[in-house]
**Q** 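First the structure, which I've put down as structure tokens, then a few questions once you've had a look.
Just so it is clear: chains get the letters A, B, ... in the order the sequence lines come, proteins before strands, and each one is counted from 1.
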Amino acid sequence: MAYWIMKSEPSAYSWDQLMKDGKTNWSGVRNFQAAANLKAMKPGDRAFFYHSNEGLAIVGIMEIIKAAYPDPSDKEGRFVQVDVKPVEPMKTPVTLAAIKSEPKLKELKLVKQGRLSVSPVSAEEWKLLCKMGGVKG
DNA sequence: GCCAACGTTGGC
DNA sequence: GCCAACGTTGGC
């Protein structure tokens with residue numbers, strides 16, 4: 001099983017909204033590197049939900065429930081989306097500041113490549129982030 | 001609201 | 001195939 005971080009601006013689509021919806025299709029990714037990550041996802045993979053611009057924190061854990069398929073909002077058919085469902089909210093949101101101040105997370109893609117909206121997380125990083133958020137994962 | 005970083009596009 | 005210009009993202 002692989003681990004990921006997926007970003008969304010709360011004003012566009014928030015964790016609360018995902019909890020209400022029960023599941024959603026993660027569409028609108030328009031970056032080839034992020035799209036490549038989407039394509040690498042398998043059902044059962046886990047992903048953190050990160051609030052960008054406002055909040056600046058990991059707020060919950062999601063599960064990938066459907067592998068990548070074409071994003072209908074992309075007319076040229078170059079990009080894909082996956083389906084996700086919420087698993088559990090973080091007890092304590094893991095803020096970007098906290099992540100940056102943790103030396104073990106120096107290599108985290110979220111830190112090194114801030115603009116990438118879908119990025120991989122190693123198993124070690126995943127464990128640590130769960131711990132910081134007060135959840136088992 | 002500003003600005004830095006980076007990805008994408010298009011001209012050559 | 002390179003590189004400058006441009007647009008977008010996201011932290012502060």
**Q** In chain order, what residues pass the salt bridge (Lys or Arg N to Asp or Glu O under 4.0 Å) check against A:R115, with sequence neighbours excluded?
**A** none
**Q** Could you go through nucleotides 6-9 of chain B and list every protein N or O atom that sits under 3.5 Å from one of its N or O atoms, giving the distance for each pair?
**A**
unit_1, atom_1, unit_2, atom_2, d
B:dC6, O2, A:R115, NH1, 2.2
B:dG7, OP1, A:Q113, NE2, 2.9
B:dT8, OP1, A:F32, N, 3.0

**Q** Could you give all pairs that pass the ring pair (Phe, Tyr, Trp, His ring centres under 6.0 Å) test and reach residues 85-117 of chain A, with sequence neighbours left out?
**A** none
**Q** Of all of residues 93-102 of chain A, which get a heavy atom below 4.0 angstrom from DNA chain B, listed by number?
**A** none
**Q** Which residues in residues 8-17 of chain A have a heavy atom closer than 4.0 Å to any atom of DNA chain C?
**A** none
**Q** When you look at A:I5 and A:V118, which way does the side chain to side chain contact (heavy atoms under 4.5 Å, CB included) test go after all the steps?
**A** CA-CA 6 Å; A:I5 290 177; A:V118 181; over 6 Å; no
**Q** Can you pull out every salt bridge (charged side-chain N to carboxylate O under 4.0 Å, His left out) where at least one residue sits in residues 46-70 of chain A? Sequence neighbours excluded, please.
**A** A:R46-A:E63
**Q** I need the NZ-C1' distance between A:K7 and B:dA5, as an integer number of Å.
**A** 12 Å
**Q** Only pairs at least two apart or in different chains count here, so list each side-chain hydrogen bond (donor to acceptor under 3.5 Å, both in side chains) that has a residue in residues 88-107 of chain A.
**A** A:E107-A:K112
**Q** Which is true for A:L116 with a 4.0 Å heavy-atom rule: it touches a base, it touches only sugar-phosphate, or it touches nothing?
**A** nothing
**Q** Holding to side-chain hydrogen bond (donor to acceptor under 3.5 Å, both in side chains), I want the full list of residues that pass it with A:N53, two or more places apart in sequence or in another chain.
**A** A:E9
**Q** Mind calculating the distance between CD (A:E54) and P (B:dG1) to the nearest angstrom?
**A** 14 Å
**Q** Filter on ring pair (Phe, Tyr, Trp, His ring centres under 6.0 Å), then keep only pairs touching residues 62-86 of chain A, sequence neighbours left out; what's left?
**A** A:F32-A:F79
**Q** Only pairs at least two apart or in different chains count here, so list each salt bridge (charged side-chain N to carboxylate O under 4.0 Å, His left out) that has a residue in residues 17-36 of chain A.
**A** A:R30-A:D71
**Q** Give me each pair satisfying salt bridge (charged side-chain N to carboxylate O under 4.0 Å, His left out) with a member in residues 125-137 of chain A, each pair once, sequence neighbours excluded.
**A** none
**Q** Any ring pair (Phe, Tyr, Trp, His ring centres under 6.0 Å) pairs touching residues 88-137 of chain A, not counting sequence neighbours?
**A** A:Y3-A:W126, A:F48-A:W126
